[in-house]
Amino acid sequence: MPGIDIIDLSDPLLHKREKGAIRLITHPQDQFPPDENEFWYLWTAKEAIFKAHRDLTMFNPKNIQVIITKSEDTLKFESGDIKGELKRIDDAIIAIADKELENVTYKILERKTDSESSEIRDEVVKHFQKEHNLDVKVESDGDGLPIISYHKLPLSFTHHARYMAFAYHSF
């Protein structure tokens, strides 16, 4: 199952995190390169990993171990058998995670309405019509987690301030 998370760094309601705030979300075995946005890189990676597990427990970033590595201009991360990538796009940080990361398709969009939950679902439907010529619906599985009606394909989505995104396994 893919997991995705996005943070809009330009959100005026997003609190600036002081250097010491990282202790609020770190697991004792976390590893990450120092960066001015290390808090948000770590947060988005952990949120994407949590979503990839499709866990029904409450999200607690301190319980998720993450190793973030930087090579050239790429930030990658892993947590057990989950692999991921962190990307910086304009004022947003996005994390995509999965056991089979190479099979994940994702799309990032700018919000146009104040109804992000409905808007992201509508955008998923439009995407499948345009890219795959499929009429689909966004539904929920037995646990209330999002799936695409086509083959009950697991779906992950996220939204924050100006941005929203979704991810699914390519087929």
Side-chain angles (χ1 to χ4, degrees), residues 1-101 104 106-111 113-121 123 140-141 143-147 154-168:
M1 161 65 193
I4 192 166
D5 191 48
I6 196 163
I7 295 287
D8 182 351
L9 297 172
S10 70
D11 179 0
L13 300 177
L14 190 68
H15 298 290
K16 180 153 177 62
R17 300 296 177 171
E18 300 301 323
K19 194 73 170 161
I22 197 90
R23 68 179 165 64
L24 301 172
I25 65 169
T26 52
H27 182 279
Q29 295 173 330
D30 283 347
Q31 297 175 28
F32 48 92
D35 185 279
E36 67 178 287
N37 290 305
E38 66 190 15
F39 182 94
W40 296 114
Y41 281 121
L42 193 59
W43 180 276
T44 56
K46 288 177 180 243
E47 183 88 29
I49 291 163
F50 177 76
K51 290 177 180 179
H53 284 295
R54 289 182 76 87
D55 199 347
L56 296 177
T57 62
M58 194 166 128
F59 175 64
N60 182 345
K62 291 184 91 150
N63 291 340
I64 301 170
Q65 178 193 355
V66 178
I67 297 171
I68 299 175
T69 56
K70 183 176 185 175
S71 61
E72 296 177 24
D73 292 338
T74 305
L75 281 173
K76 296 194 180 275
F77 61 90
E78 61 182 69
S79 180
D81 58 353
I82 304 286
K83 308 283 185 232
E85 293 180 355
L86 286 156
K87 297 182 183 216
R88 177 82 185 259
I89 300 166
D90 297 326
D91 290 335
I93 294 173
I94 186 161
I96 302 101
D98 193 86
K99 291 180 181 178
E100 300 172 18
L101 192 59
V104 174
Y106 68 93
K107 187 167 184 178
I108 304 165
L109 304 153
E110 280 202 46
R111 282 186 37 215
T113 72
D114 288 334
S115 181
E116 54 278 302
S117 186
S118 297
E119 186 176 354
I120 190 76
R121 286 169 171 77
E123 290 296 332
S140 298
D141 67 10
D143 293 324
L145 298 171
I147 58 173
L155 173 69
S156 182
F157 46 80
T158 183
H159 47 79
H160 180 234
R162 295 179 302 145
Y163 297 100
M164 57 187 186
F166 61 88
Y168 62 93

Side-chain donor-acceptor pairs of residues 70-84 under 3.5 Å, sequence neighbours excluded:
residue : atom : partner : partner atom : Å
Lys76   : NZ   : Glu85   : OE2          : 3.4
Ser79   : OG   : Gln65   : O            : 2.6
Asp81   : OD2  : Lys99   : NZ           : 3.4

State, with a plain yes or no, whether a side-chain heavy atom of Ile120 is found less than 4.5 Å away from one of Phe166.
yes
By salt bridge (Lys or Arg N to Asp or Glu O under 4.0 Å), Arg121 pairs with (sequence neighbours left out) none
Compare every heavy atom of Ile25 with every heavy atom of Phe39, then report the nearest pair and how far apart it is.
O-CD1, 3.6 Å
Which atom pair, heavy atoms only, marks the closest approach of Gly3 to Lys51?
CA-CB, 3.8 Å
Sequence neighbours excluded, which residues qualify as side-chain contact (heavy atoms from CB on, under 4.5 Å) partners of Lys62?
Asn60
Heavy-atom pair of closest approach, residues Phe32 and Leu42:
CE2-CD2, 3.9 Å
Does anything in residues 25-37 pair up under side chain to side chain donor-acceptor pair (under 3.5 Å), and if so which pairs, sequence neighbours excluded?
Asp30-Lys46
Do Asp90 and Tyr163 come within less than 4.5 Å of each other through their side chains, counting heavy atoms only?
yes
Residues two or more places apart in sequence or in another chain: which of them pass side-chain contact (heavy atoms from CB on, under 4.5 Å) with Asp143?
Leu56, Asp141, Leu145
Using 30° and 60° as the class limits, which term best fits the ring planes of Trp43 and Trp40: parallel, tilted or perpendicular?
perpendicular
Please report the shortest heavy-atom distance between Ala45 and Leu86, naming the atom on each side.
N-CD2, 4.2 Å
Report yes if some heavy atom in the side chain of Pro33 is under 4.5 Å from a heavy atom in the side chain of Ile68; otherwise report no.
yes
Return all side-chain donor-acceptor pairs below 3.5 angstrom for residues 155-162, not counting sequence neighbours, or 'none' if the list is empty.
residue : atom : partner : partner atom : Å
Ser156  : OG   : Ile4    : N            : 3.2
Thr158  : OG1  : Asp5    : OD1          : 3.2
Thr158  : OG1  : Ile6    : N            : 3.4
His160  : ND1  : Asp8    : N            : 2.7
His160  : NE2  : Asp11   : OD2          : 2.9
Arg162  : NE   : Asp8    : OD2          : 3.2
Arg162  : NE   : Ser10   : OG           : 3.3
Arg162  : NH2  : Ser10   : OG           : 3.1

Looking only at heavy atoms, the pair that brings Ala97 and Ile49 closest together is CB-N, 4.1 Å
Which distance, rounded to the nearest 0.5 Å, do you find between the CE of Met164 and the CD of Glu116?
9.0 Å
